[in-house]
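Chain A is the first sequence line, chain B the second, and so forth, proteins listed ahead of strands; every chain is numbered from 1.
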Amino acid sequence: MSRQYLLRQVAPYGESPVDVLLADGEIAAIGTGLERGDDVVEIDGRGLVLLPGLVDLHTHLREPGREDAETISSGTRAAAMGGFTAVHAMANTTPTQDTAGVVEQVWRLGREAGWVDVHPVGAVTVGLEGERLAELGAMAESQARVRVFSDDGKCVHDPVVMRRALEYVKAFDGVVAQHAQEPRLTEGAQMHEGVVSAELGLAGWPAVAEEAIIARDVLLAEHVGSRLHVCHLSTAGSVEIIRWAKSRGIDVTAEVTPHHLMLTDELARGYDPTFKVNPPLRTMRDVEAVREGLADGTIDIVATDHAPHTREDKDCEWAAAAFGMTGLETALSVVQETMVDTGRLTWRDVARVLSEAPARIGRVDGHGRAIAVGEPANLVLVDPAARRVVNPADQATKSVNSPFRGRELSGCVVSTFLRGRATVLDGASCDWSPLAEGVVRP
Amino acid sequence: MKHLLSTGDLSRTEAVRILDTAGQMAATQSREIKKLPTLRGRTVVNLFFEDSTRTRISFETAAKRLSADVINFSAKGSSVSKGESLKDTALTLQAMGADAVVIRHHASGAPHTLAASGWTSGAVVNAGDGTHQHPTQALLDAYTLRRHLTGPGDASGRDLAGLRVAIVGDVLHSRVARSNVQLLHTLGAEVTLVAPPTLLPVGVQSWPAEVSYHLDEVVGSKPDAIMMLRVQRERMSSAGGGFFPSPLEYTRGYGLDARRLAALPEHAIVLHPGPMNRGLEISADAADSPRAVIVEQVANGVAVRMAVLYLLLAGEQRHDSDETKVDQ
């Protein structure tokens, strides 16, 4: 029988403190002055906020193919450290996650690692080439039960291919998650096109290249009656298009990354490729717009787009560097600092945008559930009063390309529970072996 | 002054000091023996990731006239595709004891990366990076403008206050334009950029310059100098971005032909950073006219680069207490 945890005086959703007992993988009891049974680990939860375990709809775990940057084991441990209990592993691996075989491998490695539930994302097109559909049905019916399909990193730019994908996934309640980037408008693009790019002489990535694809896709989704998810929306114009689409009743959801909630293109001025990301960091006006969109529900979720890269892929001139930044271990802090500390979201809202809504969009069972007796004990305990300085070298991710290096951020994850088992306790990961504990059969 | 990365880092005082020093260097170049012993025993590396015979020879001449040892390191092609990174190249040069690294790179910001990285302890001189900056070109342009347009006698100590300069052509892809806009503004000149809208960057409104789409109007406004930028013919093709319909249409709209040359005021001078596309952005009439100072720009380039190397390598010891700092 697994260990039981009694969380004393924790505040679910930051509301009134109660005791919460975790037993047999579930929330066994909620109340005040709960009796502590034998062999129960008691955790002093005074001042701590209890949230449903976070669900990331957008993670790059890099395995198979780039195990030098991240492995499923290191990436999911980073996820647990960040308060996540489920992540969606993006499809741009080598080989690409475009067949049942590859997605099952990723799913299985995730289970063996045991830090979080890994839900592989399937590629929309073979090899992310944008030309013909991958075997979406086979991936959906595989053991990995894929429901989210994305060519992330590349845009499904051909309107006919996009239309077919949107239609096809309806058969198994899937969703296409679009990386909105008009390719011709962004050839050679290095950073947001605007005042800063003009001065730095770096090729521009115009906002319209994102907005034009989103506008097209919401109209396609309306036409064929499909649901659409928009990845890492980054511009004020994109927020307005999503708002309009939702007002028309189009079945669209949208995500924003933590870095687009906090950082701007001004950071490119030092030519430090840590700040090179796709879509690029935008202007303060865009940052304000995505915060507003997240606060009013236009943007449904926050997803990390955690994109680890090796030092050699970042330790070079800007144009030669890879796009992307890590984010699993800072996401919750950034959301707290930009949205909760500023009064724009409550902790109940945080549970919605970082857990409930992403679980619903990804059709993930057992995550993003209410904190209630009988529910799976997928939970995270947060200390909102903590302040910490980000040091990438101390993180669980294998890569050090965090844009928050040296910044002091609000809040930290104290403990994470996956089906009642602690993956993180007192801010440290709990090393364990799922094979030894019989959770996974070899 | 530790590095020269961008004209945007230069104050008016620093810029004037470089121009004044260039004036002194130029004076030595009319002597029979042109070589000065100033940088004897110092090593200057020309690190060129992009072909540019003119700029390299100019820097090489400048360094040699100051008695520095010169190493030419040509790393043409992409640093990545060649297998050796900028980092390893820089570390190699550091091991060889480079006192200054003159770097030309196809990537905007590469000199900045080199200077900020700690990969080299030498002074970094930007000899042109991508579409970002080419500060010694702007300095030699300013030197040339000052010599011709700020009145008779010794120009030392003068800036370019009140001068009106038109910069014409492919501003979008031009490091020369970016460097000149910042430096000329710092020195008090009024700059007007002239180009078809496709060849101006989004965000140009924030620059300290006027913008016009009409060369004839700007010529009619009687500028003191007109600087023609090189336009690459391939920019018109669809693969090159399709920035304008044809070379002929470009020339009609933005070329400096005999008619426009005649419309310029008597005292106005014509500049071009070279190499020229005769018949595209500049006609032979203009290029060879007495108002063209294009060949003189080349000579001034040597003097200005001597001044920059001198101030970076020898100026430190001599001006230790100096308040001027350029390395931001």
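Between A:Val195 and B:Ser206, the shortest heavy-atom distance links the atoms CG1-OG, 3.2 Å. Contact between B:Thr131 and A:Leu202 at its shortest, heavy atoms only, is OG1-N, 4.4 Å. Taking all atoms of both residues into account, the shortest heavy-atom contact from A:Glu199 to B:Trp207 is N-NE1, 4.2 Å.
A:Asp315 is listed as a side-chain neighbour of B:Trp119, based on a closest heavy-atom distance under 4.5 Å. Contact check for A:Glu317 versus B:His105: side-chain heavy atoms found under the 4.5 Å cut-off. In this structure, the side chains of A:Trp318 and B:His112 stay at 4.5 Å or more apart for every pair of heavy atoms.
For CZ of A:Arg311, the number of neighbouring non-hydrogen atoms (other residues, nucleotides, ligands) closer than 6.0 Å is 12 at most. In this structure, B:Glu210 places its CD atom where only 12 or fewer heavy-atom neighbours from other residues, nucleotides or ligands lie under 6.0 Å away. Around the OH atom of B:Tyr213, the shell of radius 6.0 Å holds no more than 12 heavy atoms that belong to other residues, nucleotides or ligands.
Most heavy-atom pairs under 4.5 Å with chain B, from the set A:Gly270, A:Ala268, A:Ala319: that is A:Gly270. Of all the listed residues (B:Gly109, B:Gly203, B:Pro201, B:Ala110), the one sharing the greatest number of non-hydrogen pairs under 4.5 Å with chain A is B:Gly109.
Contact of B:Ser108 with chain A is made through backbone and side chain together, with heavy-atom distances under 4.5 Å. Using a 4.5 Å cut-off between heavy atoms, B:Ala116 does not touch chain A at all. Using a 4.5 Å cut-off between heavy atoms, B:Gln182 touches chain A through its side chain atoms alone. Heavy atoms of A:Glu312 lying under 4.5 Å from chain B are absent altogether.
Formation of a donor-acceptor pair under 3.5 Å by the B:Arg175 side chain with backbone atoms of A:Gly201 is not found in this model.
The line from OG of B:Ser6 to CG of A:Leu200 is 9.5 Å long, rounded to the nearest 0.5 Å.
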